[in-house]
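Nothing here was measured: the structure is a model prediction, and the numbers come from that model.
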Amino acid sequence: MGDMSYTLVMIIVMIAVFYFFMIRPESKRKKQQDEMRSNLRKGDQITTIGGVIGRIVKIDSDSIIIETSEDRVRMEFAKWAVSTVGVQKNIEDTNNNKKNRKNQTPEERADAVSVEEEISVESIKEENK
């Protein structure tokens, strides 16, 4: 009987750990996303999950319409496609990231180096002005 109660206690502990480390944080994140999407207002600048940046011009119950450029290009998205309010800036340029260079082909490395050389040449020209 003692062996079976020990197994039962361990199963309950595993379920509790699973809940507190997996289910609860995910539900909190989902609740925050839903709250952010319900608080969208006309004029807010947003970034979609596809990386499209624009300013909200119209909001419906399940969709939004945004302008993406000075040319007044308008696109309609579902509200669930909004990733963040504002411009998301934490995306790195993987071509110029030194850690990723070992995974690149020689042609890709050459392109990345030539871009860096162009940038350094431009900065030298600006310093000499």
Regarding Arg29 and Gln33, is there a side-chain donor-to-acceptor distance under 3.5 Å anywhere?
-> no

Under a single-linkage definition using a 4.5 Å side-chain heavy-atom cutoff for Ile, Leu, Val, Met, Phe, Trp and Tyr, are Phe21 and Val13 assigned to the same hydrophobic cluster?
-> yes

Euclidean distance, Arg37 CZ relative to Ile46 CD1, rounded to 0.5 Å = 10.0 Å

Would Tyr19 and Met22 show up in the same hydrophobic cluster when neighbours are defined by side-chain heavy atoms closer than 4.5 Å?
-> yes

What distance do Lys28 atom NZ and Ile23 atom CD1 have between them, rounded to the nearest 0.5 Å?
-> 14.0 Å

Would you check, one step at a time, whether the test side chain to side chain contact (heavy atoms under 4.5 Å, CB included) holds for Val85 with Asn39?
-> CA-CA 10 Å; Val85 174; Asn39 290 330; over 6 Å; no

Sole candidate of Val52, Val82, Val57 that passes side-chain contact (heavy atoms from CB on, under 4.5 Å) when paired with Ile66 | Val52

Kindly compute the distance separating OG (Ser27) from CD (Gln32), expressed to the nearest 0.5 Å.
-> 10.0 Å

Looking only at heavy atoms, which two atoms of Met36 and Ser83 are closest? And how far apart?
-> CE-O, 3.5 Å

To the nearest 0.5 angstrom, please state how far the CE atom of Met14 sits from the CE atom of Met10.
-> 7.0 Å

Between Arg55 and Glu67, does at least one N-O distance fall below 4.0 Å, as a salt bridge requires?
-> no

Output for pair (Thr47 OG1, Ile53 CD1), nearest 0.5 Å, gives 4.5 Å

So how far is it from Ile56 CD1 to Lys79 NZ, rounded to the nearest 0.5 Å?
-> 8.5 Å

